[in-house]
Engineer: 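First the structure, which I've put down as structure tokens, then a few questions once you've had a look.
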Amino acid sequence: MSAALRTHNLSVQYGPEVTLTYPDLNLKAGEMLAITGPSGTGKTTLLHLLAGLLRPASGEVHYGTLNLAAASETAREGFRRRNVGYVFQDFHLMQGLSALENVELGLRVAGANQPHLRAQETLKCLDLGHRLNHRPGQLSTGERQRVAVARAVAHRPGLLLVDEPTAHLDRNRAGAALNLLLDAAAELGATLIVVTHDPLVADALPARLELGQEMAVVGV
């Protein structure tokens, strides 16, 4: 189940000379946000902060009643297993495992019931029922992305974080990937946050956080 997501006074330190600071976010459960801006402005870093993969130098990240910035590593790991679906830009699939095994492994890590059956059902919903036993190297780029999305959503997370979903796709496949993410988030009732350089993606989401010299959250 999704929950409100709030941040306050977030900053990250990279060495003695580089500090990234972020505007506050206040998203209700199920809202959707695009994060845009030039390279080097900390877009992916912000996703890592929201996922609890990275602890900020200062500030707070609240998901429901949990403050990730102050939580123990054990608590943050539990949060990610239960609540977060993450689609990495380069998919991060296990090359030695089939599509089915990749999704099933994610479900087992999340502690889900009937992981084998749920993995099959999720992949079939994404039109990959005929590719269950294929390894990533045997799949097209679009198919690998759908496997990555299946792994991210199979445990029904409340927070779906996606990094550059159309970076490796042509226009037709980019549109299909975008619709897939929007449909998955809507079906789950999940909060969807997407890092993108692609105007097609940014314009399709109802709100945008532009990172750069003048940072602001704007409605679209």
Side-chain angles (χ1 to χ4, degrees), residues 2 5 27 30-37 42-54 63 76-77 79-95 97-110 112 115 118-119 121-128 131 134-136 139-170 173-198 200-202 204-205 207-209:
S2 186
L5 178 66
L27 299 178
E31 290 192 334
M32 299 182 181
L33 175 72
I35 300 175
T36 62
K43 298 184 297 298
T44 296
T45 296
L46 180 54
L47 283 192
H48 290 173
L49 290 168
L50 299 178
L53 290 167
L54 180 66
Y63 185 80
R76 291 190 292 145
E77 287 179 358
F79 161 76
R80 287 193 295 272
R81 285 197 304 269
R82 293 186 300 270
N83 300 107
V84 177
Y86 202 120
V87 182
F88 295 89
Q89 180 176 349
D90 294 319
F91 312 141
H92 286 197
L93 300 176
M94 301 290 289
Q95 296 300 311
L97 301 182
S98 68
L100 178 61
E101 290 167 337
N102 265 281
V103 178
E104 185 177 348
L105 176 62
L107 284 165
R108 292 188 182 280
V109 170
R118 287 180 64 174
E121 290 175 345
T122 304
L123 286 164
K124 288 177 181 178
C125 286
L126 298 180
D127 296 324
L128 288 170
R131 308 291 269 173
H134 290 68
R135 295 183 180 182
L139 301 174
S140 69
T141 302
E143 288 171 335
R144 290 196 299 274
Q145 184 177 58
R146 278 184 278 160
V147 174
V149 171
R151 183 182 59 186
V153 304
H155 64 294
R156 304 189 67 82
L159 179 60
L160 187 55
L161 305 174
V162 185
D163 196 357
E164 296 288 1
T166 60
H168 305 293
L169 304 176
D170 60 30
R173 291 188 176 91
L178 173 60
N179 289 333
L180 174 61
L181 291 170
L182 294 175
D183 290 346
E187 196 274 331
L188 293 171
T191 301
L192 174 65
I193 301 176
V194 182
V195 161
T196 185
H197 283 97
D198 189 342
L200 172 73
V201 177
L205 297 175
R208 186 184 309 182
L209 171 63

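Heavy-atom basis, side chains included; hydrogens, waters and symmetry copies ignored.
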Engineer: Of all residues at least two apart in sequence or in a different chain, which pass the side chain to side chain donor-acceptor pair (under 3.5 Å) check with Thr36?
Structural biologist: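 Thr36: no side chain to side chain donor-acceptor pair (under 3.5 Å) contacts found.
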
Engineer: Which residues satisfy the side chain to side chain donor-acceptor pair (under 3.5 Å) test with His155, sequence neighbours excluded?
Structural biologist: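 None.
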
Engineer: Can you tell me how far apart OG1 (Thr44) and CG (Leu49) are? Round to the nearest 0.5 Å.
Structural biologist: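 One gets 11.0 Å once the value is rounded to the nearest 0.5 Å.
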
Engineer: Identify which one of Thr196, Leu209, Asp163, Ile35 satisfies the side-chain contact (heavy atoms from CB on, under 4.5 Å) criterion when paired with Lys43.
Structural biologist: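 Answer after filtering Thr196, Leu209, Asp163, Ile35: Ile35.
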
Engineer: Taking all heavy atoms of Phe79 and all of Ala51, pick out the closest pair and write down the distance.
Structural biologist: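 In this case the closest contact between Phe79 and Ala51 is CE2-O, 3.7 Å.
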
Engineer: Tell me every residue that passes salt bridge (Lys or Arg N to Asp or Glu O under 4.0 Å) with Arg108, counting only those two or more places apart in sequence or in another chain.
Structural biologist: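 For Arg108, the residues satisfying salt bridge (Lys or Arg N to Asp or Glu O under 4.0 Å) (neighbours in sequence not counted) are Glu104.
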
Engineer: Which distance, rounded to the nearest 0.5 Å, do you find between the CG of Leu46 and the CD1 of Ile193?
Structural biologist: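 Here the rounded value is 7.0 Å.
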
Engineer: Give, for atom CG of Leu50 and atom CG of Leu27, the distance between the pair rounded to the nearest 0.5 Å.
Structural biologist: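 Taking CG in Leu50 and CG in Leu27, the distance rounds to 8.5 Å.
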
Engineer: Could you tell me whether a side-chain N or O of Thr166 sits under 3.5 Å from a main-chain N or O of Leu169, the two making a donor and an acceptor?
Structural biologist: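 Side chain of Thr166 to backbone of Leu169: no pair is present.
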
Engineer: How long is the span from the CZ atom in Arg151 to the CG atom in Leu126, to the nearest 0.5 Å?
Structural biologist: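 The distance works out to 13.0 Å.
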
Engineer: Please round to the nearest 0.5 Å and tell me the distance separating atom CG of Leu33 and atom CG of Leu161.
Structural biologist: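 Interatomic distance, Leu33 CG to Leu161 CG, rounded to 0.5 Å: 10.5 Å.
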
Engineer: Considering residues at least two apart in sequence or located in another chain, which fulfil the salt bridge (Lys or Arg N to Asp or Glu O under 4.0 Å) criterion with Glu143?
Structural biologist: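 Listed in chain order: Arg131.
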
Engineer: What residues, two or more places apart in sequence or in another chain, satisfy side-chain contact (heavy atoms from CB on, under 4.5 Å) together with Thr122?
Structural biologist: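 Testing Thr122 for side-chain contact (heavy atoms from CB on, under 4.5 Å), a comparison that skips the adjacent residues, returns Ala150, Val153, Ala154.
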
Engineer: Residues two or more places apart in sequence or in another chain: which of them pass side-chain contact (heavy atoms from CB on, under 4.5 Å) with Pro136?
Structural biologist: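 Pro136 satisfies side-chain contact (heavy atoms from CB on, under 4.5 Å) with Leu93, Gln95, Asn102, Arg144 only.
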
Engineer: Evaluate the side-chain contact (heavy atoms from CB on, under 4.5 Å) criterion for residues Tyr86 and Leu53: first the C-alpha distance (whole Å), next the side-chain angles of each, then the deciding distance (0.1 Å), finally the verdict.
Structural biologist: CA-CA 11 Å; Tyr86 202 120; Leu53 290 167; 4.0 Å; yes

Engineer: Do you know the tightest heavy-atom contact between Gly85 and Pro157?
Structural biologist: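 Residues Gly85 and Pro157, closest heavy atoms: N-CB, 3.5 Å.
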
Engineer: List the residues meeting ring pair (Phe, Tyr, Trp, His ring centres under 6.0 Å) with His92, not counting sequence neighbours, and say none if there are none.
Structural biologist: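 By the ring pair (Phe, Tyr, Trp, His ring centres under 6.0 Å) rule, His92 matches Phe88.
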
Engineer: Not counting sequence neighbours, which residues clear side-chain contact (heavy atoms from CB on, under 4.5 Å) with Glu187? List them please.
Structural biologist: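 Listed in chain order: Arg156.
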
Engineer: Search all heavy atoms of Ala186 against all heavy atoms of Met32 and return the closest pair with its distance.
Structural biologist: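 What the structure gives for the nearest pair is N-CE, 4.3 Å.
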
Engineer: Which heavy atom in Leu159 sits nearest to a heavy atom in Ala190, and how many Å separate them?
Structural biologist: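 Heavy-atom minimum between the residues: N-CB, 4.4 Å.
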
Engineer: Is there a side-chain contact (heavy atoms from CB on, under 4.5 Å) between Val149 and Val162? Walk through the geometry before answering.
Structural biologist: CA-CA 9 Å; Val149 171; Val162 185; over 6 Å; no

Engineer: Give me each pair satisfying salt bridge (charged side-chain N to carboxylate O under 4.0 Å, His left out) with a member in residues 83-94, each pair once, sequence neighbours excluded.
Structural biologist: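 Output for this query is empty, none listed.
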
Engineer: Can you name the residues that form a salt bridge (Lys or Arg N to Asp or Glu O under 4.0 Å) with Arg81, not counting sequence neighbours?
Structural biologist: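 Counting only residues at least two positions away or on another chain, Arg81 forms no salt bridge (Lys or Arg N to Asp or Glu O under 4.0 Å).
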
Engineer: According to salt bridge (Lys or Arg N to Asp or Glu O under 4.0 Å), who are the partners of Asp198, at least two apart in sequence or on a separate chain?
Structural biologist: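 Only Arg171 meet the salt bridge (Lys or Arg N to Asp or Glu O under 4.0 Å) criterion with Asp198.
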
Engineer: For residues Leu123 and Leu100, report the shortest heavy-atom separation together with the two atoms involved.
Structural biologist: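 Smallest heavy-atom distance, with atoms named: CD1-CA, 3.6 Å.
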
Engineer: Using side-chain contact (heavy atoms from CB on, under 4.5 Å) as the criterion, list what pairs up with Ala167, not counting sequence neighbours.
Structural biologist: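 Listed in chain order: Gln89, Glu164.
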
Engineer: Restricting to non-hydrogen atoms, name the atom on Leu107 and the atom on Ala119 that form the minimum distance, rounded to 0.1 Å.
Structural biologist: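 Heavy atoms of Leu107 and Ala119 come nearest at CD1-N, 3.5 Å.
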
Engineer: If you round to the nearest 0.5 Å, how far is CG of Leu139 from CD of Gln145?
Structural biologist: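 Answer for the CD-CG pair, Gln145 versus Leu139, is 12.5 Å.
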
Engineer: Checking Ser2 side chain against Gly158 main chain: does a donor-acceptor pair fall under 3.5 Å?
Structural biologist: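 Yes: the side chain of Ser2 pairs with the backbone of Gly158.
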
